[in-house]
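Each chain gets a letter, A, B and so on, in the order the sequences are listed, and its residues count up from 1.
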Amino acid sequence: MFPIDLLDGAHDGTPPSQNSPLLQGLNDEQRAAVTLPQGHALVLAGAGSGKTRVLTTRIAWLLQTGQVSPGGIMAVTFTNKAAKEMNTRLSAMLPYNVRGMWIGTFHGLCNRLLRAHHQAAGLPATFQILDTQDQLSAVKRLCKQYNVDDERFPPKQLTWFIAGCKEEGMRPKDVVAADPDTKKKVELYQLYEEQCQREGVVDFGELMLRSFELLRDDAALRAHYQRRFRFILVDEFQDTNKLQYAWLKQLAGEMVNGQLQGSSSVLAVGDDDQSIYAFRGARVGNMSDFVREFGVQHQIKLEQNYRSYGNILDSANALIEHNSQRLGKNLRTDQGAGEPVRVMESPTDLDEASWIVGEIKDLVRNDGYSRQEIAILYRSNAQSRVIESKLFNAGIPYRVYGGMRFFERAEVKHALAYLRLIENPHDETSFLRVVNFPARGIGARSIETLQETARAAGCSLSDAVTAVGGAAGTKLQGFVAKIDVLREDTEGKTLRQTIERMLEVSGLIDFYSTEKEGADRIENLKELINAAESFVTQEGFGKDAVALPVDETGKALTQSPASQGIDSSLPMLDLPLGGVGATAGTDAETGETLSPLQAFLVHAALEAGDNQAQAGQDAVQLMTVHASKGLEFDVVFIGGLEEGLFPHENAMSDKGGLEEERRLMYVAITRARKRLYLSHSQSRMLHGRTTFNLPSRFLDELPEGALKWLSAKGGFGSFAPKIAAAGAYGAGARGQFGSYTPKGPEIFANPVVPVQKAVPGHGIVKGKSVFHTKFGEGKVLAVEGTGDDARAQISFPRHGTKWLALAIAKLTVVD
DNA sequence: ATTCATTGCTTTTTT
DNA sequence: AGCAATGAAT
């Protein structure tokens with residue numbers, strides 16, 4: 001369907017030096033992609049085909065051959081991680097620095113655009129960004145104000161509705177509301193917008209939508225950026241939603257009779273087979289739309305895989321073949337077949353976990369694999385629990401990805417709220433978050449009065465405090481005065497000093513130091529200071545901003561970009577953000593500079609921080625399949641390959657659901673370099689009850705020749721080789737296998753690690769020293785309870801005395 | 001204001 | 001089952 005279009009790099013008549021060191025080691029397809037001539041192009045980059053390398057080399061190539069200066073390049077990604085990776089690689093490849101380019105996430109770049117043109121966009125210069133939590137609390141507040149029945153309109157659903165509308169590019173007036181429920185939602189959407197506007201805040205969707213509208217409605221501005229960005233590169237194009245696609249079109253040129261006209265070149269890199277975010281609005285269809293509307297001339301497929309052995313790729317290829325909606329692509333490798341893909345069936349999820357743990361022990365002990373090169377992937381987060389407990393009991397270090405991110409933690413959010421109030425006393429989300437935290441006797445009643453007063457007077461909460469009388473009024477005024485003092489105190493101070501002062505004045509530190517679980521919260525607040533410090537250093541605040549000469553057309557000014565005066569000390573937000581001939585840091589209209597504090601707050605919202613657990617040394621990696629995208633490991637376990645779980649039953653409702661699940665499986669398989677294990681269990685504890693599931697249909701879709709069934713080993717081999725016997729424990733067999741409930745001794749013959757309940761002694765005894773991954777070494781003061789309920793009281797020198805549940809806390813006995 | 005009890009939710013997730 | 005968030009009781 002898509003012909004491979006190998007280009008020799010000499011189409012535009014001026015053959016660039018094909019022997020450039022940049023092109024060394026690239027295969028023909030990669031080289032063709034890197035040296036593409038001007039014009040729009042689509043690169044279908046299979047898993048492990050060197051996609052990031054192609055993207056970065058392409059940029060380096062464009063610069064090196066003088067086709068464009070850094071200012072003429074935009075590279076868009078989805079995650080901060082990907083953007084960072086691109087930056088890092090580019091800095092390594094290029095002799096000069098990378099700052100002049102616009103490299104970032106969609107939201108990051110939108111933020112940049114809106115900062116530069118906040119006036120045209122109708123936003124205050126210091127607008128702040130609401131994350132998902134903030135958005136939810138804003139909606140809750142709204143619902144309360146308008147007495148919305150939160151049974152019928154759960155705030156969470158409203159936030160989904162609003163985000164969904166924005167992703168589709170729809171303002172309240174654009175939504176077709178047929179039924180009264182939708183009408184009500186649209187009404188609330190409208191009110192929510194007004195509230196955000198009043199408070200000077202934007203949510204993630206708004207960043208995208210607002211900057212799209214800015215470009216759409218301001219022809220001069222649009223023309224400027226269209227001229228500036230000669231080359232636009234988009235990573236993970238299959239994950240773009242409708243709005244992001246429309247946004248790209250605005251930057252790339254003008255639509256004339258359904259065809260895009262413009263002088264810029266858009267390179268979209270993606271893999272339709274790895275599209276796993278349709279559930280949150282991604283449109284794979286953007287790929288074919290792109291080809292049609294942009295009049296794409298060149299399509300290149302990167303099918304050479306440098307990651308996995310043949311059996312793994314054969315499995316991936318065979319599986320994805322079952323999808324009908326594909327552009328068509330087959331991965332190949334020179335590495336040989338490698339080991340077969342191992343498949344295992346276990347009677348229960350506990351056995352499955354035990355088996356995985358045993359296998360990992362062998363891999364590490366006998367085969368010399370390092371733990372961090374082993375990943376356990378699962379469809380849903382709930383599955384990690386069992387595996388974690390088995391790993392823990394076996395004393396194998398592991399790391400779970402996902403969960404709370406740094407800037408999302410309650411104490412950090414509290415601190416950020418105070419900081420936001422310093423900048424903007426009218427930020428009501430922040431105001432309400434901390435007006436009574438730490439508790440200062442301002443109850444719900446007082447707040448209600450304040451809200452009524454503010455509404456009556458048509459002013460913000462903080463302005464309304466003086467109008468509230470009585471004891472409540474005094475307390476409220478005290479709070480506002482506290483913030484005012486803080487604002488004056490920190491005027492002109494460094495970010496570090498500001499945060500330290502805030503922690504003191506707010507009473508947060510005092511509060512947490514009296515809390516019993518407060519020690520690690522204080523730790524996190526201290527960490528906030530560190531985060532701010534490294535933000536300041538990295539972003540180069542405090543150094544003089546240097547003007548960057550911007551060529552109108554974005555064309556190379558000189559052959560040596562190093563001489564263009566790009567200064568690495570330029571903070572990203574200070575860059576001349578367009579506006580014709582803008583000068584960084586000074587131009588009041590376009591290059592307005594944020595204070596370090598403001599910039600840090602933006603950073604905190606836009607980049608929620610690492611969500612990895614302790615960056616432990618050599619630990620087995622646990623994560624959902626979604627989280628594994630873009631990563632690779634020597635050994636991969638995929639657990640829970642059962643109907644209803646993977647493919648997940650909730651995903652099967654819509655027509656594309658099964659295919660998306662299959663792509664998810666495809667992503668999972670292609671993470672493995674050397675060895676792949678697939679596993680399913682006959683029964684599983686799910687939502688508190690034991691369920692019995694058939695093996696996943698995906699197992700049927702793999703090539704028999706690439707697989708090796710291990711189940712025989714355990715005595716359940718009678719069911720293998722597999723699916724032919726599937727009916728035997730199908731729906732009719734539900735009762736029959738009821739006795740496999742995880743109770744009593746292990747039925748299964750491969751129990752490398754004894755079941756938890758069989759171990760009354762966890763080794764943790766009064767008087768012993770234990771090690772906790774976070775708190776360090778501590779002494780056991782007491783032990784209580786048995787089995788899963790066992791708890792120990794442990795005294796840590798740096799974190800005080802804590803009660804820890806042994807089933808949860810990661811403790812190892814120190815001899 | 002703090003603590004305890006009840007209720008609801010539970011696919012995947014970035015920004 | 002387990003957790004978070006809400007509501008009632010002290």
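- Between A/Leu207 atom CG and B/dT14 atom C1' the separation is 13 Å, expressed in whole Å.
- Regarding A/His648, its NE2 atom lies at a distance of 5 Å from the P atom of B/dT11, rounded to whole Å.
- Contacts of A/Phe106 with the nucleic acid, taken as non-hydrogen atoms under 4.0 Å apart, are absent.
- For A/Lys140, the listed nucleotide lying nearest its side chain is C/dT6; candidates were C/dT6, B/dT12, B/dT11.
- No donor-acceptor contact under 3.5 angstrom links the side chains of A/Asp510 and A/Ser513, judged on distance only.
- Proximity note for A/Arg379 (side chain, C-beta onward) versus B/dT15, B/dT14, B/dT11: the nearest is B/dT11.
- Contact annotation for A/Lys156: no contact, since no heavy-atom pair falls under 4.0 Å across all strands.
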side-chain hydrogen bond (donor to acceptor under 3.5 Å, both in side chains) evaluation trace for A/Thr132 with A/Gln135: CA-CA 5 Å; A/Thr132 320; A/Gln135 195 195 3; 5.6 Å; no

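- The side chain of A/Asn80 has B/dT15 as its nearest neighbour among C/dT6, B/dT11, B/dT15.
- Within 4.0 Å of A/Gly205, counting heavy atoms only, lies no atom of the nucleic acid at all.
- Annotation: of the two residues near DNA chain B, A/Trp160 and A/Arg440, the 5′-most nearest-nucleotide partner is A/Arg440.
- When the side-chain nitrogen and oxygen atoms of A/Asn381 are compared with OP1 and OP2 of B/dT13, one or more of them lie within a distance under 4.0 Å.
- Residue A/Arg405 places at least one side-chain N or O closer than 4.0 Å to OP1 or OP2 of B/dT15.
- Between A/Arg385 and C/dC3 there is a side-chain polar atom (N or O) within less than 4.0 angstrom of OP1 or OP2.
- Residues A/Ala605 and A/Ala439 each lie close to DNA chain B; by heavy-atom proximity, the contact nearer the 5' end of the strand is made by A/Ala439.
- At a threshold of 4.5 Å between non-hydrogen side-chain atoms, the residues A/Arg326 and A/Asp273 count as touching.
- Put simply, OH on A/Tyr277 is 10 Å from P on B/dT15, counting in whole angstrom units.
- One interatomic measurement links the two molecules: CG of A/Leu664 to C1' of B/dT13, which rounds to 12 Å at whole-angstrom precision.
- Base engagement by A/Phe279 is indicated by at least one non-hydrogen atom pair under 4.0 Å involving a base atom.
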A/Asp203 vs A/Tyr192, side-chain hydrogen bond (donor to acceptor under 3.5 Å, both in side chains): CA-CA, chis, key distance, verdict: CA-CA 11 Å; A/Asp203 60 36; A/Tyr192 168 79; 2.8 Å; yes

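- Close to B/dT13, at under 4.0 Å from its OP1 or OP2, lies a side-chain N or O of A/Thr624.
- The pair A/Glu352-A/Arg684 meets the salt-bridge criterion, since a charged nitrogen lies less than 4.0 angstrom from a carboxylate oxygen.
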